[in-house]
2 protein chains.
Amino acid sequence: MPSPAGITELRKSTHAIPDATVARLPIYHRVLTSLLESGVESVSSHELAEVCGVNSAKLRKDLSHLGSYGTRGVGYRVEYLLFQIAREIGYAQDWPVVIVGVGNLGNALAGYAGSADRGFRIVGLIDSDADLVGQTIAGVEVRDLVELETVIAEHSASIGVIATPASAAQAVCDRLVASGVTSILNFAPSVLTVPQGVDVRKVDLGTELQILAFHQQQRAEGLRTGKTSKRTSPSPALENIS
Amino acid sequence: MPSPAGITELRKSTHAIPDATVARLPIYHRVLTSLLESGVESVSSHELAEVCGVNSAKLRKDLSHLGSYGTRGVGYRVEYLLFQIAREIGYAQDWPVVIVGVGNLGNALAGYAGSADRGFRIVGLIDSDADLVGQTIAGVEVRDLVELETVIAEHSASIGVIATPASAAQAVCDRLVASGVTSILNFAPSVLTVPQGVDVRKVDLGTELQILAFHQQQRAEGLRTGKTSKRTSPSPALENIS
DNA sequence: GAACGCTTGTGAACGATCGCACAAAGTCTG
DNA sequence: CAGACTTTGTGCGATCGTTCACAAGCGTTC
């Protein structure tokens, strides 16, 4: 996907679900939840794929990695499939998450992951700004940076989010790892170095914009040379006509 | 008489750059900028790859798609390479960007893309909240949602960012597209449907967290079944262990 | 200027992912 | 209960991306 790629060491311990599939499961989950709320009881791979913006064969193959939860000639029972996906991605686990850096971005994240019960619980908001420390955001009190290790230990958090300026990212990362965090979501525009066994995913707003700008530029050049581009809905990338 | 070889030749001049490479160019650009500021004049693919967190062969192949800008036996001249990458990704173009939805996320984006000259210029901040309209954020005045089309037309913006709640995303998207926007960065957790020719990239904070949670769960299961990930050796090489 | 060491650029093998197309397996109808 | 119809699950080839390994090229040294 597009997309950002996480370094994943160690896998295959269970039944090896491809990374590309894992990246799509949350989308299926969200759409299925929406369908369930709409009272839909059964759905075919074509219908579901349409709404999720993917190929129906891809969707079926993705689901087949979890098991055979469909019924031939009928489709998938929404509630059952939803349950199976939720179980697979650890939806019900309520993972404790610590967010470091409570600027606008950290704030947005706190509200996002904290409000809807998405399987996460914000157990720590941490910032070095004395004006922020002590405030309560999304029901959680902001703690000082020096308490980072304490907060993590208190809740046995294993997932950390870095929403600090780039200059602080590596230092924060090191402290997270030293405290036992093994999964990190990094929003700072910097490359993090971590020991083996730690999973880092990077989301870079600037990079995303620049990728769009690149495609936009290609399109402009394409117009100049008389090329047209066609593309349907989701998924990035431009067209390459032979 | 047009031969297939001729077509291949033509393709090279425009975009023969793989998506995966495009996604990494902004990272190279950022690291090179940093190196330039540090006074580094020349860098080898190994050094640069190390800092960027990628394989050196991959980096060389990525750069080779832009042209032969290195010197064998020496490496790459930082300033020259930086210029070439900047040109390729349209860094100097100062793309006009419109952001719809000025919540925490929109705010963060405005500050991010607006401050550092990353090749973008925020020309419009749009929200439907009357309390926000009229405020100035990152040097730009927030305009009402009804003015969306006007703002886009004013600046001929072709890149739009959706940072609204999911419920509003598709409607906003439709209006952006109708106004001529052909590149959209979507932060709302919803699948957008767009006509052909429009490029959509999706950044979903919840999905990213859930992917991390999945890996975390896999790790936990691995531990429970007694399977530990060996290979703790920090040295390179030593890949094939049976 | 020839020999040597270093680094780029790239052909080729490999691996992951995608999408087609179809058999398998179910429902429905008469 | 047989045959028509529907939809899943998947084998297989095509495509895309990564990594290896090495020839080609550059600078330096003797």
Side-chain angles (χ1 to χ4, degrees), chain A residues 1-9 11-12 15-25 27-28 40-50 52-78 80-81 84 211 231-242, chain B residues 8 11-12 15-25 27-28 40-50 52-78 80-81 84 236-240:
Chain A
M1 154 98 290
S3 71
I7 311 160
T8 311
E9 203 61 35
R11 66 184 68 140
K12 197 165 273 191
H15 31 72
I17 298 180
D19 286 340
T21 295
V22 172
R24 285 185 292 265
L25 288 180
I27 294 154
Y28 302 155
V40 179
E41 294 192 348
S42 184
V43 68
S44 75
S45 65
H46 282 273
E47 294 163 348
L48 187 53
E50 167 81 24
C52 294
V54 300
N55 183 294
S56 70
K58 179 153 56 176
L59 184 134
R60 286 198 301 277
K61 187 156 285 185
D62 282 346
L63 295 183
S64 77
H65 287 296
L66 314 186
S68 284
Y69 298 137
T71 307
R72 296 177 190 226
V74 178
Y76 300 90
R77 274 170 46 217
V78 172
Y80 184 54
L81 184 55
Q84 293 297 343
I211 293 171
R231 198 82 206 171
T232 43
S233 37
S235 156
L238 279 184
E239 187 61 26
N240 185 2
I241 305 172
S242 55
Chain B
T8 308
R11 192 167 53 85
K12 203 173 127 196
H15 59 87
I17 301 185
D19 287 338
T21 295
V22 172
R24 284 185 292 264
L25 289 181
I27 294 156
Y28 303 155
V40 179
E41 294 192 349
S42 183
V43 68
S44 75
S45 65
H46 283 273
E47 293 164 348
L48 186 54
E50 167 83 23
C52 295
V54 300
N55 184 296
S56 71
K58 179 152 54 176
L59 184 133
R60 285 199 301 277
K61 184 150 284 189
D62 282 346
L63 295 184
S64 78
H65 288 295
L66 314 187
S68 283
Y69 298 136
T71 308
R72 296 177 192 227
V74 178
Y76 300 90
R77 272 170 48 216
V78 172
Y80 184 52
L81 184 56
Q84 294 297 343
L238 280 180
E239 285 297 318
N240 280 334

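Chain A is the first sequence line, chain B the second, and so forth, proteins listed ahead of strands; every chain is numbered from 1. All values below were derived from every heavy atom in this structure, side-chain atoms included, with hydrogens, water molecules and symmetry-related copies excluded.
One atom, CG of Asp62(A), and another, C1' of dG19(C), lie 12 Å apart when rounded to the nearest Å. When rounded to the nearest whole Å, the span between CZ of Arg77(A) and P of dT27(C) equals 12 Å. Atom pair Arg24(B):CZ and dG17(D):C1' shows a separation of 8 Å (rounding to whole Å applied). Distance CG (Leu48(A)) to C1' (dT8(D)): 13 Å, rounded to an integer number of Å. Spacing between atom NZ of Lys58(B) and atom C1' of dA12(C) amounts to 18 Å, rounded to whole angstrom units. The interatomic distance linking Asp19(B) (CG) with dC16(D) (P) rounds to 9 Å, in whole Å. Straight-line distance from the CG atom of Leu81(A) to the C1' atom of dT8(D): 12 Å, rounded to whole Å.
Partners of Ala20(A) by side-chain contact (heavy atoms from CB on, under 4.5 Å), not counting sequence neighbours, listed by chain and number: Arg24(A). With sequence neighbours excluded, the residues that form a side-chain contact (heavy atoms from CB on, under 4.5 Å) with Thr71(A) are Val74(A). Qualifying side chain to side chain donor-acceptor pair (under 3.5 Å) partners for Thr21(B), counting only residues two or more places apart in sequence or in other chains: Asp62(B). Annotation: side-chain contact (heavy atoms from CB on, under 4.5 Å) contacts of Glu41(B) (sequence neighbours excluded): none. For Tyr80(A), the side-chain contact (heavy atoms from CB on, under 4.5 Å) test picks out Tyr69(A), Arg77(A), Gln84(A), with sequence neighbours left out.
In terms of phosphate contacts, Asn55(A) brings no side-chain nitrogen or oxygen within less than 4.0 Å of OP1 or OP2 of dT17(C).
Contact annotation: the side chain of Tyr28(A) never approaches that of Leu81(A) to less than 4.5 Å [non-hydrogen atoms, C-beta and beyond].
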message = Walk along nucleotides 5-11 of chain C from 5' to 3' and tag each nucleotide B, S or - by protein heavy-atom contact under 4.0 Å, base first, then sugar-phosphate.
response = -BBBBBB
